[in-house]
Number of protein chains: 2
Amino acid sequence: MEPAHYQRLYALLKSQIQVGQFKEGDLLPSENELSTKHKIARMTVRRALTELSNEGYIQKIKGKGSLVSASRKSLGLLSFKGFSEVVGTEFEAKTMMLRAPHAMPWPDRFFYKLSPKEQETGCITFERVRFVDQYPVLLEHSFLPNHGLDTFCSEPLLDGSFFKTLSVRYQIDVISYEQDIRAVVADEVIAFLLKVKPLTPLVQIYRRYHTSVPDYYLYSLLFANTEKYTISNYQ
Amino acid sequence: MEPAHYQRLYALLKSQIQVGQFKEGDLLPSENELSTKHKIARMTVRRALTELSNEGYIQKIKGKGSLVSASRKSLGLLSFKGFSEVVGTEFEAKTMMLRAPHAMPWPDRFFYKLSPKEQETGCITFERVRFVDQYPVLLEHSFLPNHGLDTFCSEPLLDGSFFKTLSVRYQIDVISYEQDIRAVVADEVIAFLLKVKPLTPLVQIYRRYHTSVPDYYLYSLLFANTEKYTISNYQ
DNA sequence: GATTAATTCTTGTATATACAAGGTAAAATA
DNA sequence: TATTTTACCTTGTATATACAAGAATTAATC
């Protein structure tokens with residue numbers, strides 16, 4: 001079925017913003033210009049622009065136009081801030097693969113309840129450590145159901161990004177997630193990996209990511225050392 | 001200035017849902033009914049319903065109608081799950097006011113950077129403890145800029161809910177939030193309040209809530225005992 | 001009685017039109 | 001020249017209309 005006119009225009013403008021064809025601070029063409037150019041009614045154009053505005057891509061200003069916003073907040077899936085300045089510059093976390101992706105059955109007593117279909121196919125799992133300024137701050141253990149991801153284990157991650165790889169290679173996009181947060185103390189293994197003393201308090205997070213594929217979820221188990229950096233969430 | 005028709009209808013329907021005049025699973029009157037009843041065009045009705053749908057109050061189903069959703073998950077913002085069953089029933093947290101709302105200047109070295117306007121007007125603050133199954137699990141210290149909220153301190157919270165009070169009485173709706181998470185150990189004061197041993201690991205969360213009022217934010221500082229219950233986050 | 005088809009609700013998309021109101025720049029005025 | 005006014009751009013609100021498409025009920029058929 002063909003997408004609606006407003007959806008086509010919405011997708012077009014969004015991609016043009018994402019690609020940088022329209023930059024932060026630019027004014028989009030006016031509603032009337034878009035209307036005549038694409039041969040659709042102004043009200044239809046407005047619908048596309050309203051969605052873009054709702055999602056933070058543009059800001060509409062009465063009497064002026066549609067202003068392209070600063071780069072969309074990356075869903076803040078996982079970022080860090082300096083401890084002393086909770087409002088501070090955000091740091092990029094660099095990643096080191098600890099155990100490369102490999103297929104295996106799901107662990108016993110997995111932290112989220114799995115569907116029969118997920119149980120059946122087993123999982124692909126890998127472990128990574130994230131560094132901020134040379135300090136290991138996060139241990140991440142990821143799991144994904146092994147549904148037609150045969151090549152996943154043999155090929156490296158695109159730009160080192162798990163999510164980007166799934167999006168580009170398998171058309172699986174992360175839409176949202178749920179998480180359960182606890183405070184724990186480091187055991188010896190984790191203390192060694194994160195280079196902290198045993199009994200240091202850590203943040204433990206169980207995550208289930210929802211994707212654009214129905215009933216397909218990704219899972220992560222995280223341990224974070226928050227002595228120097230806090231875990232930043234935006235939603 | 002008078003509010004727009006769609007805003008009037010939006011506010012009316014929202015309050016009717018919040019008050020329970022329309023309950024979960026009910027169908028709202030159809031767009032044509034609302035149109036004739038309120039003597040406004042159907043497209044204007046649709047605009048009001050679209051906003052309600054965006055904010056999760058209703059779910060529109062083509063060919064059927066507008067279904068009232070389960071009580072707005074404003075508490076999806078903060079819920080708890082049993083520890084052993086990370087996927088388990090969610091528990092309702094009961095709340096005890098520790099220090100009632102009172103106006104005061106902002107604390108020194110506040111955890112988020114405040115605008116000059118916020119600094120100027122001072123804040124209203126209050127402290128609450130949340131219980132799950134008689135156990136104190138969360139200490140919550142809330143702050144809000146004192147902009148025309150004179151009666152806030154003298155009147156009790158609606159249904160004991162801070163957010164509901166702001167929404168119904170002041171038309172301030174929480175849209176999203178950002179948070180910074182750390183693991184800390186309990187000092188003596190907090191250990192006493194949460195009835196844990198000193199040095200128990202706790203989750204500490206700084207939150208800034210974004211609202212429907214531009215440049216108006218709410219702030220919370222949380223300490224959670226996650227020995228028995230995890231903190232649950234959705235999105 | 002059970003199944004199928006037609007009707008009539010519902011929301012979804014799209015258009016054309018009109019006027020209000022904010023912002024900007026050109027034109028008129030002092 | 002400096003200020004004010006005007007004109008023209010922009011987005012915001014509102015209406016009336018038309019048809020498409022999904023859902024549910026009713027009528028017709030087997």
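Every chain is numbered from 1 and lettered A, B, ... according to where its sequence line falls, protein lines coming before strand lines.
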**OP:** Could you tell me whether the side chain of A:Thr36 and the main chain of A:Asn32 form a donor-acceptor pair under 3.5 Å?
**Re:** yes

**OP:** Quick one: do A:Arg130 and A:Glu140 satisfy salt bridge (Lys or Arg N to Asp or Glu O under 4.0 Å)? Show the steps, please.
**Re:** CA-CA 8 Å; A:Arg130 292 177 185 257; A:Glu140 178 166 17; 2.9 Å; yes

**OP:** Using atom CG of A:Leu34 as one end and atom P of D:dT11 as the other, report the distance to the nearest whole Å.
**Re:** 8 Å

Original post:
Which part of the nucleic acid, if any, lies within reach of B:Leu49 when heavy atoms closer than 4.0 Å are counted: base, sugar-phosphate only, or nothing?
Top reply: nothing

Original post:
Given atom CZ of B:Arg42 and atom P of C:dT15, what is their separation to the nearest angstrom?
Top reply: 16 Å

**OP:** Would you kindly check if the NZ (Lys) or CZ (Arg) of B:Arg208 is within the cone defined by 45 degrees around the ring axis of B:Tyr112 and under 6.0 Å from the six-membered ring centre?
**Re:** yes

Original post:
Which whole-number value in Å describes the distance from A:His38 NE2 to C:dA14 P?
Top reply: 14 Å

Original post:
Is there a donor-acceptor pair under 3.5 Å between the side chain of A:Ser35 and the backbone N or O of A:Glu31?
Top reply: no

**OP:** Figure out the CD1/P separation between B:Ile40 and D:dT15, and round it to whole Å.
**Re:** 7 Å

**OP:** Calculate the interatomic distance between A:Leu27 atom CG and D:dT10 atom C1'; express it in whole Å.
**Re:** 10 Å

**OP:** Find the distance A:Met43:CE to C:dA18:C1' and express it as a whole number of Å.
**Re:** 12 Å

**OP:** Check whether any side-chain heavy atom of B:Ile58 lies under 4.5 Å from a side-chain heavy atom of B:Ile17, and answer yes or no.
**Re:** yes

Original post:
How are the rings of B:Phe143 and B:Phe110 set to each other: parallel, tilted or perpendicular (split at 30° and 60°)?
Top reply: perpendicular

Original post:
Taking NZ from B:Lys39 and C1' from D:dA16, how many angstroms apart are they, rounded to a whole number?
Top reply: 17 Å

Between the protein and nucleotides 8-10 of chain C, which nitrogen or oxygen pairs are less than 3.5 angstrom apart?
from	atom 1	to	atom 2	distance (Å)
C:dT10	OP1	B:Ser30	OG	3.1
C:dT10	O2	B:Gly63	N	3.4

Original post:
What class does the angle between the rings of A:Tyr217 and A:Tyr219 fall in, given that below 30° is parallel, 30 to 60° is tilted and above 60° is perpendicular?
Top reply: tilted

Original post:
Can a side chain N or O of B:Thr44 be found less than 4.0 Å away from OP1 or OP2 on D:dT13?
Top reply: no

**OP:** Give a yes or no on whether a salt bridge exists between B:Arg169 and B:Glu155, defined as a side-chain N under 4.0 angstrom from a carboxylate O.
**Re:** yes

Subject >> Sorted by number, the residues of residues 4-12 of chain A with heavy-atom contact under 4.0 Å to DNA chain D >> reply: none

Original post:
Reckon A:Arg46 has a side-chain N or O less than 4.0 Å from the OP1 or OP2 of D:dG12?
Top reply: yes

Original post:
Base, sugar-phosphate alone, or nothing: which one does A:Arg47 contact when heavy atoms must sit under 4.0 Å apart?
Top reply: sugar-phosphate

Original post:
Once you round it to whole Å, what is the distance between P of C:dG12 and CD of A:Glu51?
Top reply: 12 Å

Original post:
Given A:Ser220 and A:His141, is the side-chain hydrogen bond (donor to acceptor under 3.5 Å, both in side chains) satisfied, shown in steps?
Top reply: CA-CA 6 Å; A:Ser220 275; A:His141 203 154; over 6 Å; no

